[in-house]
Amino acid sequence: MFAYHAGYLRVNLIDGASAWTPLAEDVLRRFIGGVGLGTYLLHCEAPSHVEPLAPAAPLIFCLSPLVGTPLTTSAKFAIVAKSPLTDRINDALSSSHFALAAKKAGMDALVIVGACAAPSILIIDEGKVRIESATDLWGLSAAEASERLQERLGPRFHTAIIGPAGENLVRYATISHDNRHAGRGGLGAVMGSKLLKAVAVAGSQRVPVADPAGVVAAARDLSQRSFGPATAKYRELGTVANLLTFNRFAALPTRNFQQGTFDEAPALSGESLNAARRVARNSCAACTIGCEHIYAAPDGEVRLEYESLFALGPLCGIGDRDAVLQAARLCDRLGLDTISSGASIAFAMECAERGLIHEPDLRFGNATKMLALLEQIGRREGLGDLLADGTRRAAARIGGAAPDFAPHVKGLEIPGYEPRALQTMALGFAVGSRGADHNRSGAYEADFSDKTDRLHGTPEAATFAIETEDKAALMDSLILCKFLRGVFSDIFTEGAELLSLATGWNVTADELRMTARRIVTAKKLYNLREGWTPAEDTLPKRFLSEGLPAGTKGEAWLPRERLQAMIQAYYQGRGWDEQGQVPATQIESLQLADVPLR
């Protein structure tokens with residue numbers, strides 16, 4: 001078989017036992033790799049209704065057939081598990097040399113079960129497994145632990161590591177590597193619950209592709225196109241360029257989603273940051289785009305993206321660029337998802353201002369308090385212990401009106417897209433299998449086009465939500481960076497060509513459209529297995545009962561009835577029934593009958 005090792009490594013941390021499990025070619029063709037393959041393996045490996053932080057809960061690292069090829073942005077991997085934040089399926093993607101090293105270690109995926117008796121590291125060298133003590137690393141940041149492991153293991157090894165937040169089981173802790181992060185949904189807490197500080201991989205096993213010359217030619221062509229106008233924004237300013245655009249459209253979440261514009265946005269803009277604080281621009285492993293912009297914070301350097309900027313800035317009412325940069329750096333050091341961190345603090349700020357919690361100094365705009373709370377969250381101290389469980393659980397404990405304005409869907413905090421001002425995106429958030437998610441649904445693309453009226457969502461918008469969700473599922477399984485989406489004229493056609501060159505399969509665009517629908521539905525089936533109900537596909541009460549000042553267009557409203565009509569259209573477009581259940585005929589037609597559903 002080309003482009004695959006045709007199997008995954010399963011490691012039980014209780015006794016260090018490992019086993020090689022073959023993967024049939026049919027399974028690989030149906031799920032490809034990355035998120036698709038990870039979803040399949042989660043169905044197979046996770047006991048039904050397992051607690052996400054229990055030893056039996058699997059943590060799954062997945063690669064793809066394109067990893068190790070010269071195709072730009074292909075050095076990526078996915079991590080899949082049941083989320084301790086949402087109790088639903090969770091996946092996170094990242095780019096680094098870890099992906100390349102893991103593929104060369106001799107596996108298409110790594111499934112980790114069990115838990116260590118003491119803090120440990122899992123080392124995989126040419127497919128051989130050993131477990132070593134990590135007591136000297138426990139408590140260190142991911143960056144500090146990475147340096148120690150480089151000294152201990154040598155430069156052949158690349159590592160995925162948790163910081164203090166993962167060790168302390170913060171439900172939105174990250175897994176870090178090469179200063180990149182698999183950020184959302186609390187995968188770092190899953191790793192921490194296993195007392196696993198790091199996974200280190202190395203190897204020299206390369207898998208051949210079916211058409212080496214064809215892959216090289218396709219890589220050369222894709223690299224050339226990646227320098228074009230579709231990626232110019234990412235090279236020039238990075239995603240922080242979004243801030244002023246969203247502010248102009250009254251779609252910039254501010255003060256815990258009470259407003260859509262922020263008066264101090266110009267001071268935090270990409271233009272302002274680049275002029276005053278940018279020190280470097282870098283690229284991910286095997287990437288030609290170079291979207292990574294590095295800024296000088298008061299205590300060092302930090303990579304900053306729009307989502308971190310919005311969550312630690314406008315969402316908390318903070319316009320001090322140095323404070324935002326310092327907060328982003330602190331999240332990196334602790335191993336915290338910046339979106340959930342900022343959202344949890346903004347939520348607490350509103351609770352304090354409403355008198356629901358007694359925190360006299362906790363107010364919007366108080367950067368000193370924000371920084372102190374980030375430390376408390378990462379260490380689970382004081383108010384930080386409550387916020388470390390995420391806004392859904394915190395709101396339930398605080399009570400009163402708190403659940404009405406806790407900014408989450410299914411427990412995952414809402415990213416930097418105001419749903420009332422971007423109503424196709426509101427649909428994408430509501431139905432997302434991972435919760436409120438801008439990476440698994442690109443429905444905002446329709447909102448920023450002439451295809452829809454972004455302030456008046458309609459059932460017809462479901463078509464665009466489904467289309468972007470399917471594209472994301474395919475790109476996350478191939479795995480290729482979504483910053484290439486504007487480079488491809490048709491990801492299904494071009495993706496089929498790339499996959500055919502690598503594997504030797506005769507893949508068509510129609511086959512990949514079916515594959516994308518299969519993967520989205522497989523995620524849905526996992527959530528159904530774990531207890532999903534239709535009541536989960538919604539937005540918090542605030543978004544369905546309060547208008548949003550929308551600049552020159554007055555107020556933006558998203559009535560519950562409007563969102564529900566859009567959701568019903570989405571279910572219908574997916575071939576599900578009106579309760580969001582997947583009919584047996586759909587399971588059969590998508591070739592999911594062999595996926596364990598109980």
Side-chain angles (χ1 to χ4, degrees), residues 3 32-36 64-78 93-96 99-100 180 209 211 213-242 245 270 281-293 305-307 438-451 464 467-503 507-513 515-516 519:
I32 304 177
V35 169
S64 89
L66 303 186
V67 172
T69 70
L71 290 163
T72 186
T73 79
S74 63
K76 297 178 76 72
F77 65 99
L93 298 169
S94 199
S95 306
S96 77
L100 300 172
R180 308 286 299 182
V209 295
D211 186 348
V215 169
V216 169
R220 187 179 297 115
D221 172 67
L222 187 57
S223 294
Q224 188 63 39
R225 287 190 286 152
S226 75
F227 291 118
T231 60
K233 177 182 82 171
Y234 306 116
R235 291 193 302 276
E236 293 165 4
L237 288 178
T239 58
V240 294
N242 292 346
T245 301
R281 182 170 73 89
N282 294 330
S283 295
C284 301
C287 177
T288 52
I289 297 173
C291 71
E292 187 175 282
H293 295 258
E305 304 288 348
Y306 164 72
E307 293 297 338
H438 67 293
N439 279 322
R440 306 300 174 263
S441 171
Y444 58 85
E445 295 175 19
D447 285 319
F448 285 121
S449 73
D450 59 2
K451 297 176 181 178
F464 304 116
E467 179 184 320
T468 63
E469 202 173 40
D470 285 351
K471 287 179 179 178
L474 177 60
M475 296 191 79
D476 292 344
S477 301
L478 280 172
I479 311 169
L480 293 170
C481 179
K482 293 193 183 70
F483 290 171
L484 288 175
R485 62 186 178 273
V487 174
F488 292 115
S489 58
D490 180 353
I491 182 57
F492 296 103
T493 299
E494 295 191 56
E497 293 170 356
L498 296 177
L499 192 57
S500 296
L501 290 170
T503 63
V507 184
T508 65
D510 285 343
E511 178 180 341
L512 288 192
R513 290 187 182 92
T515 298
I519 291 166

> Got a donor-acceptor contact below 3.5 angstrom from the H293 side chain to the Y234 backbone?
Replying inline: yes
> Counting only N and O atoms by type, is there a donor-acceptor contact under 3.5 Å from the side chain of S64 to the main-chain atoms of G34?
Replying inline: no
>> So does C284 get a backbone contact from the side chain of E292, meaning a donor-acceptor N/O pair under 3.5 Å?
In response: no
> Tell me, do L222 and T73 make a side-chain contact under 4.5 Å, heavy atoms counted?
Replying inline: no
>> In the structure I gave you, are the side-chain heavy atoms of L93 and N439 within less than 4.5 Å of one another anywhere?
In response: no
>> To check you understand the geometry: which heavy-atom pair defines the closest contact between L66 and A502, and what is its length?
In response: CD2-CB, 3.9 Å
> Between L512 and I32, is a side-chain contact (heavy atoms from CB on, under 4.5 Å) present by the stated rule, with each step listed?
Replying inline: CA-CA 10 Å; L512 288 192; I32 304 177; 4.1 Å; yes
>> Would L100 and V67 count as a side-chain contact (heavy atoms from CB on, under 4.5 Å) here? Give the steps.
In response: CA-CA 6 Å; L100 300 172; V67 172; 4.2 Å; yes
>> So, taking the atom named CZ in R235 and the one named SG in C291, what distance separates them when rounded to the nearest 0.5 Å?
In response: 11.0 Å
>> Tell me the closest heavy-atom pair linking R440 and A472, and the distance in Å.
In response: O-CB, 3.7 Å
>> S226 vs F483, test: side-chain contact (heavy atoms from CB on, under 4.5 Å). Steps then yes/no.
In response: CA-CA 9 Å; S226 75; F483 290 171; over 6 Å; no
> For D211, which residues count as a salt bridge (Lys or Arg N to Asp or Glu O under 4.0 Å) partner, sequence neighbours excluded?
Replying inline: none
> Do any pairs count as a side-chain hydrogen bond (donor to acceptor under 3.5 Å, both in side chains) and have a residue in residues 476-488, sequence neighbours left out, and if so which ones?
Replying inline: Y444-R485, E445-R485, D476-K482
> How close do A75 and A285 get, heavy atom to heavy atom, and via which atoms?
Replying inline: CB-O, 3.6 Å
> E511 versus T515: any side-chain heavy-atom pair under 4.5 Å?
Replying inline: yes
>> How long is the straight-line distance from NZ of K471 back to OG of S441, given to the nearest 0.5 Å?
In response: 12.0 Å
> To the nearest 0.5 Å, what is the distance between CD1 (I479) and CG (L71)?
Replying inline: 13.0 Å
> Less than 4.5 Å apart, any side-chain heavy atom of N242 and any of K233?
Replying inline: yes
> Can you name the closest pair of heavy atoms from P65 and T503 and give their distance?
Replying inline: CB-CG2, 4.3 Å
> Would you say the side chains of T288 and T72 form a donor-acceptor pair under 3.5 Å?
Replying inline: yes
>> Please check: side-chain N/O of T493 versus main-chain N/O of A509, any donor-acceptor pairing under 3.5 Å?
In response: no
>> Quick check for you: to the nearest 0.5 Å, what is the distance between R225 atom CZ and S489 atom OG?
In response: 6.5 Å
> Checking R513 side chain against F492 main chain: does a donor-acceptor pair fall under 3.5 Å?
Replying inline: no
> From S96 OG over to R180 CZ, what is the distance, rounded to the nearest 0.5 angstrom?
Replying inline: 9.0 Å
>> To check you understand the geometry: which heavy-atom pair defines the closest contact between C481 and M475, and what is its length?
In response: O-CE, 3.2 Å
>> Show, in sequence, the C-alpha distance, side-chain angles and deciding distance for L480 and L498, and conclude whether the side-chain contact (heavy atoms from CB on, under 4.5 Å) test is met.
In response: CA-CA 11 Å; L480 293 170; L498 296 177; 4.1 Å; yes
